[in-house]
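Within every chain, numbering begins at 1; the chains are lettered A, B, ... in the order of the sequence lines, protein sequences first and strands thereafter.
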There are 2 protein chains.
Amino acid sequence: MDVIDPLTLGDERCHKVKRVLSHVGDKWSVLIIVTLIREQKRFSALKREINDISQRMLALTLRNLERDGLVERIVTPSIPPRVDYRLTEMGHSLADPVLTLGQWAIEHLDRIDEANARYDAGNR
Amino acid sequence: MDVIDPLTLGDERCHKVKRVLSHVGDKWSVLIIVTLIREQKRFSALKREINDISQRMLALTLRNLERDGLVERIVTPSIPPRVDYRLTEMGHSLADPVLTLGQWAIEHLDRIDEANARYDAGNR
DNA sequence: CAGAATCCTTTGCGATACTG
DNA sequence: CAGTATCGCAAAGGATTCTG
């Protein structure tokens with residue numbers, strides 16, 4: 001099967017797709033991936049650039065991304081220790097569709113805000 | 001700005017994108033959108049096709065999608081009442097990038113599973 | 001049929017403190 | 001610097017019951 005057809009998508013496979021999308025959909029994952037597109041970054045740099053992420057969520061999300069083979073952890077044993085993160089090849093291949101989605105989001109932000117306002121006005 | 005550049009993405013806009021992506025990333029939203037691509041569906045039909053969604057989450061997610069102007073609610077006043085849901089034009093425009101992402105997910109499921117297995121084996 | 005409302009459990013996640 | 005560990009709150013979400 002090359003094209004998604006939810007009607008013929010088996011339960012098992014469907015469940016897997018959901019799982020993957022739930023990772024991808026996670027806002028921290030998306031932000032980390034997007035942040036790593038240009039170049040690898042250190043833990044502290046990621047923390048600084050994604051300003052409102054807690055170091056707990058950064059560590060957790062990075063570990064999940066690493067577990068999924070999307071991000072690679074590069075340890076330089078030194079004092080103080082240095083750890084860089086970079087996208088794997090698979091991570092980069094994911095960046096494309098993610099950017100497409102981000103693109104859509106940016107293009108439709110205003111219309112969504114309008115829709116929200118209209119909806120809220122109607123149900124007041 | 002036409003291309004996403006996280007480095008030049010202002011905080012305000014960045015925050016909005018995050019908000020949109022958090023909707024889009026929501027697994028129930030994604031499933032509903034994908035399910036509605038081909039044709040409009042009734043509440044009960046959606047509930048049946050997305051087998052493990054609770055009616056609570058279905059109602060809540062549909063209302064959010066409607067609020068965002070992605071899904072339209074079509075009420076046929078009859079007894080028993082009939083309510084159909086269909087994608088708006090904006091909803092359809094979102095379906096494209098979402099399917100692209102789903103496509104990526106399907107294509108990389110196996111490699112992700114392998115990566116998971118490798119990671120778990122390494123950290124045992 | 002299509003939901004709203006209530007209850008109650010689980011999970012997510014931030015804050016804080018501690019380590020190699 | 002780059003994390004881990006623990007705590008505690010807030011939000012998510014399932015099960016169930018009720019209604020136009």
Side-chain angles (χ1 to χ4, degrees), chain A residues 11 15 18-32 35-36 39-68 71-86 119-120 122-124, chain B residues 15 18-32 35-36 39-68 71-87 119-120 122-124:
Chain A
D11 261 11
H15 182 263
K18 279 188 244 177
R19 232 194 49 219
V20 173
L21 286 182
S22 81
H23 281 207
V24 169
D26 174 55
K27 74 170 179 178
W28 296 133
S29 298
V30 171
L31 286 174
I32 290 175
T35 306
L36 289 180
E39 52 182 0
Q40 64 178 55
K41 299 252 164 71
R42 311 180 54 161
F43 188 89
S44 51
L46 282 170
K47 173 120 183 53
R48 205 176 321 113
E49 293 190 29
I50 307 174
N51 45 14
D52 55 348
I53 191 174
S54 65
Q55 104 266 43
R56 182 178 173 275
M57 286 317 293
L58 181 55
L60 281 177
T61 309
L62 280 171
R63 207 184 308 138
N64 280 327
L65 289 173
E66 192 196 352
R67 182 166 185 270
D68 282 349
V71 158
E72 209 167 353
R73 193 162 174 274
I74 300 157
V75 182
T76 310
S78 61
I79 299 178
R82 176 192 180 98
V83 180
D84 287 86
Y85 291 90
R86 75 165 167 216
Y119 185 92
D120 294 345
N123 295 30
R124 192 194 320 144
Chain B
H15 182 263
K18 280 187 244 177
R19 234 195 46 222
V20 173
L21 286 181
S22 79
H23 282 206
V24 170
D26 175 52
K27 74 171 176 175
W28 297 133
S29 299
V30 171
L31 286 174
I32 290 174
T35 306
L36 288 179
E39 53 181 359
Q40 63 179 57
K41 298 254 166 68
R42 309 180 57 162
F43 188 90
S44 51
L46 282 169
K47 172 117 183 56
R48 204 176 321 114
E49 293 191 29
I50 307 174
N51 44 14
D52 55 349
I53 191 174
S54 64
Q55 100 273 39
R56 183 177 172 275
M57 287 316 294
L58 180 55
L60 282 176
T61 310
L62 280 172
R63 206 186 306 140
N64 280 328
L65 290 172
E66 192 196 352
R67 182 167 184 269
D68 282 347
V71 159
E72 209 168 353
R73 194 162 172 273
I74 300 157
V75 182
T76 309
S78 61
I79 301 176
R82 176 192 180 98
V83 179
D84 287 84
Y85 292 90
R86 74 164 168 216
L87 293 185
Y119 184 91
D120 294 344
N123 295 31
R124 189 193 324 146

Using side-chain heavy atoms (C-beta onward) and a distance below 4.5 Å, is A:Ile53 in contact with A:Leu46? no

Bounded by its outermost nucleotides with an atom under 4.0 Å from a heavy atom of chain B, the footprint on DNA chain C reads C:dC1 to C:dT6

Sequence neighbours excluded and cut-off under 3.5 Å, please list the side-chain donor-acceptor pairs for residues 77-87 of chain B, or say none.
| from | atom 1 | to | atom 2 | distance (Å) |
| --- | --- | --- | --- | --- |
| B:Ser78 | OG | B:Thr76 | O | 3.4 |
| B:Ser78 | OG | B:Pro80 | O | 2.8 |
| B:Arg82 | NE | B:Asp84 | OD1 | 2.8 |
| B:Asp84 | OD2 | B:Gln40 | NE2 | 3.4 |
| B:Tyr85 | OH | B:Arg73 | NE | 3.3 |
| B:Arg86 | NE | B:Glu72 | OE1 | 3.3 |

d(A:Ser44 OG, A:Gln55 CD) to nearest 0.5 Å is 12.0 Å

May I have the distance from A:Arg82 (atom CZ) to D:dA2 (atom C1'), rounded to whole angstrom? 12 Å

Side chains of A:Ile32 and A:Leu58: closer than 4.5 Å at any heavy-atom pair? yes

Per the side-chain contact (heavy atoms from CB on, under 4.5 Å) rule, which among A:Asp68, A:Leu62, A:Leu65 passes with A:Ser29? A:Leu65

Distance, rounded to the nearest Å, where B:Gln55 contributes CD and D:dG14 contributes C1': 9 Å

Distance, rounded to the nearest Å, where B:Asp52 contributes CG and D:dG14 contributes C1': 12 Å

Closer than 4.0 Å, any side-chain N/O of A:Ser44 to the OP1 or OP2 of D:dA2? yes

Just by distance, do the side chain of B:Lys47 and the backbone of B:Ser54 share a donor-acceptor pair under 3.5 Å? no

Can you tell me how far CG of B:Leu60 sits from CH2 of B:Trp28, rounded to the nearest 0.5 angstrom? 12.5 Å

How many Å lie between CD1 on A:Ile79 and C1' on D:dC1, as a whole number? 11 Å

Interface with DNA chain C, restricted to residues 57-68 of chain B and to heavy atoms under 4.0 Å: B:Arg63

Would you mind telling me which residue lines up with the more 5' stretch of DNA chain C, B:Pro81 or B:Arg56, judged by nearest nucleotide? B:Pro81

Distance check needed: D:dA2 C1' versus A:Lys41 NZ, whole Å only. 17 Å

When you measure from the side chain of B:Lys41 to the backbone of B:Thr35, do you find a donor-acceptor pair of N or O atoms at a distance under 3.5 Å? yes

